[in-house]
Chemist: 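What follows is a single structure, and I will ask about it in a moment.
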Amino acid sequence: MKTIYSAIQPSGIMTLGNYIGAVDNWHRMQADANNSCIFALADLHTITVRQEPAQFRKNAMSFYALLLALGLDPKKSIIYFQSHVMEHAYLSWLLNCYTMVGEMNRMTQFKDKSQKHQDNINMGLMDYPVLMAADILLYDTDEVPVGIDQMQHIEICRDIAMRVNSIYGDVFRIPKGVLTKVGAKVMSLQDPTAKMSKSDPNPKAVISVLDEDSVILKKFKSAVTDSETVIRFDPENKPGVSNLLTILSVASGKSIETLEKEFEGLMYGHLKVRTGEAVIEMLKPMKEEYKRLINDEAYLLSCAKDGAERAAAIAEKTLRRFKDAIGYVSL
Ligand code: TRP
């Protein structure tokens with residue numbers, strides 16, 4: 001059995017980019033009988049940026065419901081909130097003592113986020129990768145499916161784990177980062193050279209997986225393309241059209257080449273409408289299931305509790321192993 005671990009922050013909305021780039025992949029990994037999958041809502045990471053309490057709670061429940069609605073199965077996989085398993089924060093402290101300030105200072109995401117949140121460059125923001133390393137190492141993870149922007153964090157996780165192992169012997173399993181499918185990076189609909197981001201101030205740039213159908217269609221219709229008229233996959237010169245083709249390819253299950261042929265002689269307008277419709281169709285079953293689940297908080301909480309207990313059973317053992325290796329007195 002291979003252990004797969006991944007997590008997503010329950011902040012703001014879940015975007016089409018999150019769905020195509022991450023969650024849809026988790027879904028595929030869960031379907032493989034040789035995988036044992038653990039998926040977390042990284043809600044301890046979320047407060048590195050200030051959250052309004054009522055909204056934070058609402059987002060967290062909404063993300064949990066979305067994971068289930070999108071087809072992740074709480075019986076097959078472990079699906080839980082990071083904040084419900086105490087070992088994450090605990091291991092993160094221990095790992096801090098094996099992580100150099102200089103290493104954290106060099107992290108690209110830390111530098112970016114410090115720029116963006118200059119009024120709140122808190123220690124958590126800097127320590128973010130160590131908590132993420134704790135997440136991964138607690139579960140003897142083999143593979144971590146992530147987007148390219150998280151690869152640096154996986155690298156540092158491996159570095160920290162190997163450092164610990166070189167001091168104490170075999171404490172941690174060394175995980176591997178696996179990039180989510182190539183071409184599955186979804187770009188902003190208004191600036192197709194930038195990643196679709198939930199923090200984009202322009203709502204027209206971002207599709208929420210919970211957007212109303214009419215809103216989704218409208219956003220695709222006003223997607224930025226270019227001044228040519230040819231529908232061709234060329235991310236360099238035609239980022240907007242290429243982004244639409246990528247999204248349509250995922251939503252329709254057709255290859256990009258097939259789509260290029262289908263759209264020969266047609267206009268950008270056709271591509272925009274077809275992409276919007278395909279996305280609406282793709283999200284439809286999920287939305288119905290979401291509506292049912294979000295009104296059943298008791299069920300969601302019982303799944304989350306079960307997930308947390310199963311996660312904790314694994315995490316406790318790993319933490320104990322490390323503490324014993326360090327030399328802590330155990331009772
Ligand atoms: N930092 C990741 C992101 O923002 C989320 C995350 C937290 C994560 N812990 C993780 C991803 C562990 C993979 C494994 O996308």
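As the structure lists them, so they are numbered: ligands from 1, and atoms in each ligand from 1. Because the structure is predicted, anything quoted here is derived from the model rather than measured.
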Chemist: Does ligand 1 have a heavy atom under 4.0 Å from the side chain of Gln150, from its backbone, from both, or from neither?
Modeler: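 Within the 4.0 Å criterion, Gln150 contacts ligand 1 through side-chain atoms alone.
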Chemist: Going by the order shown, which atoms of ligand 1 are within less than 4.0 Å of some heavy atom of Ala42?
Modeler: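 Those atoms are 7 (C).
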Chemist: Check whether the ring centres of Phe172 and Phe322 lie less than 6.0 Å apart, and answer yes or no.
Modeler: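 So the answer is yes for these two rings.
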Chemist: Please work out, at 4.0 Å between heavy atoms, whether the side chain, the backbone, both, or neither of Ile136 comes within that distance of ligand 1.
Modeler: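 Within the 4.0 Å criterion, Ile136 contacts ligand 1 through side-chain atoms alone.
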Chemist: Any non-hydrogen side-chain atom of Cys303 less than 4.5 Å from a side-chain atom of Tyr64?
Modeler: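 They are in contact (side-chain heavy atoms under 4.5 Å apart), so the answer is yes.
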Chemist: When clusters are formed from ILVMFWY side-chain contacts under 4.5 Å, directly or step by step, what else is grouped with Met29?
Modeler: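 Traced through the cluster, Met29 reaches Ile4, Val178.
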Chemist: Could you tell me whether Asp135 and ligand 1 have an N or O pair separated by under 3.5 Å?
Modeler: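 In this structure, Asp135 places an N or O atom under 3.5 Å from an N or O of ligand 1.
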Chemist: Would you call the rings of Tyr5 and His88 parallel, tilted or perpendicular if under 30° counts as parallel and over 60° as perpendicular?
Modeler: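 Judged by the thresholds at 30° and 60°, the geometry between Tyr5 and His88 is tilted.
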Chemist: Any atoms of ligand 1 less than 4.0 Å from a non-hydrogen atom of Gln9? List them with their elements.
Modeler: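 Answer, ordered by atom number: 4 (O).
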Chemist: Run the numbers for me: atoms of ligand 1, each under 4.0 Å from some heavy atom of Val144, listed by number.
Modeler: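 Taking each heavy atom of Val144 in turn, ligand 1 has 13 (C), 14 (C) under 4.0 Å.
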Chemist: Using a 4.0 Å heavy-atom threshold (strictly under), name the region of Ala7 that reaches ligand 1: side chain, backbone, both or neither.
Modeler: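 Within the 4.0 Å criterion, Ala7 contacts ligand 1 through backbone and side-chain atoms alike.
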Chemist: For ligand 1, is any non-hydrogen atom under 4.0 Å from Gln82's backbone (N, CA, C, O), its side chain (CB onward), both, or neither?
Modeler: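 None of Gln82 does.
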Chemist: Salt-bridged, Arg28 to Asp32, with N to O below 4.0 Å?
Modeler: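 Looking at Asp32 together with Arg28, the answer is no, because their closest N to O distance does not fall below 4.0 Å.
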Chemist: In the protein, which heavy atom is nearest to atom 4 (O) of ligand 1, and how far is it?
Modeler: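 That would be Tyr128 OH, 3.1 Å.
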Chemist: Passes ring-ring contact (aromatic ring centres under 6.0 Å, His included), Tyr128 versus Phe110? Steps please.
Modeler: CA-CA 8 Å; Tyr128 185 111; Phe110 173 59; 9.9 Å; no
Chemist: Are any side-chain N or O atoms of Ser252 and backbone N or O atoms of Leu248, one a donor and one an acceptor, separated by less than 3.5 Å?
Modeler: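 Yes, because the side chain of Ser252 sits within donor-acceptor range (under 3.5 Å) of the backbone of Leu248.
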